[in-house]
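Notes follow once the structure below has been shown.
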Amino acid sequence: MVKPCFVIPVYNHERAIAGTLDSLRGFGLPCVLVDDGCNESCREELQRLAREQGDWLHLVVRGENGGKGAAVKTGLRAARELGFSHGIQVDADGQHDPADIPQFLHHCRESPTALVCGYPVYDRSVPLARLLGRYLTHVWVWINTLSLEIRDSMCGLRCYPLVATVALIDGEYTGDRMDFDPEVLVRWHWRGGKLVQLPVQVRYPVGGVSHFRGLQDNMLISAMHTRLFFGMLARLPRRLKPEAAL
């Protein structure tokens, strides 16, 4: 039985999170909110929202900040433990257009074993440096999968089938910060997992809070591409081996 929920990692988005939740509540789905070691004001806001809207919110509190990837993994595991079949990952800062959610729900029900992933259609608010950085990551993802299948590996709007995804993150190393989003897709591809990709609107709100740490996160992403590259090399002989029938 398909039983989806939202999974939202939150780190110091106290000004945006209430609006993000308001935009999602009409879908009638429960929501797992992950407090990723937030500051006091954000933690108080999350606790207030959980008290006032507790009929559909499940608040999970991490003792300290671990990064976006760590928070997403915590949320996916919690959603699985709560009995949900799919976790729809949504960013807390309002980047994603709720009008795109119905297509994720449709494919969740039509292809319940697939990981449904958005690829962004940007408006003029996207920073040029962010756009160029994404394309560099795309190239490395194509190299590490020996495929052009993954159109975008960094979009944060996704629907994860929880049984298979929790098995992946419990069984293999995946990054805990901004390196998680591309790495989990590459490892999903390596496992032969089905992938559905959908166009989504992405905007960068004026005054929005970004937790991308230029030097540190770029170093983590570089390290991620390096370990995936060597993982690809280890798989290369099997990819090149002729079929037994030949």
Side-chain angles (χ1 to χ4, degrees), residues 7-13 34 36-38 62-77 87 89 91-93 95 115 117-120 122 126-158 160 164-193 195 197 202 204 208-240:
V7 174
I8 305 180
V10 185
Y11 181 59
N12 299 346
H13 285 104
V34 181
D36 186 27
C38 293
R62 291 175 51 86
E64 59 184 25
N65 176 251
K68 180 184 178 182
V72 171
K73 287 185 277 189
T74 294
L76 295 177
R77 291 184 179 113
Q89 176 188 332
D91 286 350
D93 60 2
Q95 283 191 21
L115 195 164
C117 184
Y119 62 88
Y122 291 111
V126 59
L128 179 60
R130 187 73 62 88
L131 194 61
L132 295 175
R134 293 178 77 95
Y135 277 103
L136 181 59
T137 283
H138 300 341
V139 170
W140 274 108
V141 165
W142 298 333
I143 292 170
N144 289 330
T145 58
L146 299 176
S147 167
L148 298 176
E149 180 186 4
I150 299 175
R151 295 188 58 163
D152 184 283
S153 62
M154 300 187 75
C155 182
L157 183 55
R158 299 177 176 182
Y160 290 99
T165 305
V166 171
L168 189 159
I169 62 179
D170 284 348
E172 299 186 42
Y173 178 83
T174 51
D176 283 339
R177 294 191 177 271
M178 299 298 184
D179 47 347
F180 171 78
D181 283 343
E183 182 160 21
V184 73
L185 280 193
V186 171
R187 295 188 181 279
W188 181 266
H189 182 276
W190 284 352
R191 288 185 170 212
L195 186 65
Q197 298 174 91
V202 177
Y204 286 79
V209 177
S210 173
H211 296 299
F212 188 87
R213 308 167 307 165
L215 178 61
Q216 299 98 317
D217 283 317
N218 279 318
M219 290 179 64
L220 286 173
I221 290 171
S222 296
M224 176 266 297
H225 289 313
T226 300
R227 64 176 171 264
L228 290 179
F229 179 74
F230 284 105
M232 179 273 293
L233 290 180
R235 289 166 171 78
L236 191 57
R238 294 196 299 272
R239 290 290 301 270
L240 297 179

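All heavy atoms count here, side chains included; hydrogens, waters and symmetry mates do not. Nothing here was measured: the structure is a model prediction, and the numbers come from that model. Counting from 1, the numbers follow the sequence of the chain as shown.
The main-chain N or O of Phe230 is never found under 3.5 Å from a side-chain atom of Arg235 such that the two would form a donor-acceptor pair. Side chain of Asp93 to backbone of Gln95: a donor-acceptor contact under 3.5 angstrom is found.
Residues Arg187 and Thr174 meet the side-chain proximity criterion, which asks for heavy atoms closer than 4.5 Å. Inter-residue side-chain proximity for Trp188 and Thr165 is flagged as met; some heavy-atom pair is nearer than 4.5 Å. Side-chain atoms of Leu185 and Leu115, non-hydrogen and from C-beta on, do get closer than 4.5 Å to each other.
The two atoms that bring His13 and Ala92 nearest to each other are ND1-CB, 4.0 Å, heavy atoms only. Minimum heavy-atom separation, Arg158 to Asp181: NH1-O, 2.9 Å. Nearest heavy atom pair, residue Ser153 against residue Val141, reads OG-CG2, 3.5 Å. Nearest heavy atom pair, residue Asn144 against residue Trp190, reads O-NE1, 3.0 Å. Minimum interatomic distance between Pro182 and Met224 (heavy atoms only, all atoms of both residues): CG-CE, 3.4 Å. Between Glu149 and Gln197, the shortest heavy-atom distance links the atoms O-NE2, 2.7 Å.
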Quick one: do Leu195 and His189 satisfy side chain to side chain contact (heavy atoms under 4.5 Å, CB included)? Show the steps, please.
CA-CA 8 Å; Leu195 186 65; His189 182 276; over 6 Å; no

One pair to check against side chain to side chain contact (heavy atoms under 4.5 Å, CB included): Asp179 and Arg227. What are the steps and the verdict?
CA-CA 12 Å; Asp179 47 347; Arg227 64 176 171 264; 3.5 Å; yes

Can you list the steps and then say if Val10 with Val34 is a side chain to side chain contact (heavy atoms under 4.5 Å, CB included)?
CA-CA 6 Å; Val10 185; Val34 181; over 6 Å; no

Applying side chain to side chain contact (heavy atoms under 4.5 Å, CB included) to Asn65 and Arg177, what does each step give before you reach the verdict?
CA-CA 10 Å; Asn65 176 251; Arg177 294 191 177 271; 3.3 Å; yes

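Taken to the nearest 0.5 Å, the CD atom of Glu183 stands 12.0 Å off from the OG1 atom of Thr137. The distance from atom CD1 of Ile150 to atom SG of Cys117, rounded to the nearest 0.5 Å, is 8.0 Å. With values rounded to the nearest 0.5 angstrom, Met232 atom CE is found 9.0 Å from Thr145 atom OG1. Remark: Cys38 SG to Tyr11 OH distance equals 7.5 Å, nearest 0.5 Å.
Partners of Arg77 by side chain to side chain contact (heavy atoms under 4.5 Å, CB included), not counting sequence neighbours, listed by chain and number: Lys73, Val166, Ile169, Asp170. Listed by chain and residue number, His138, Val139, Leu148 satisfy the side chain to side chain contact (heavy atoms under 4.5 Å, CB included) test with Trp142 (two or more places apart in sequence, or in another chain). Considering only residues two or more places apart in sequence or on other chains, Arg62 meets the side chain to side chain donor-acceptor pair (under 3.5 Å) condition with Asp36, Thr74. When the salt bridge (Lys or Arg N to Asp or Glu O under 4.0 Å) test is applied to Arg191, the partners found at least two apart in sequence or on another chain are Glu172.
A parallel orientation is assigned to the rings of Trp140 and His225, their planes being inclined by less than 30° (bins at 30° and 60°).
The 12-atom threshold is exceeded at OH of Tyr173, counting heavy atoms of other residues, nucleotides or ligands nearer than 6.0 Å.
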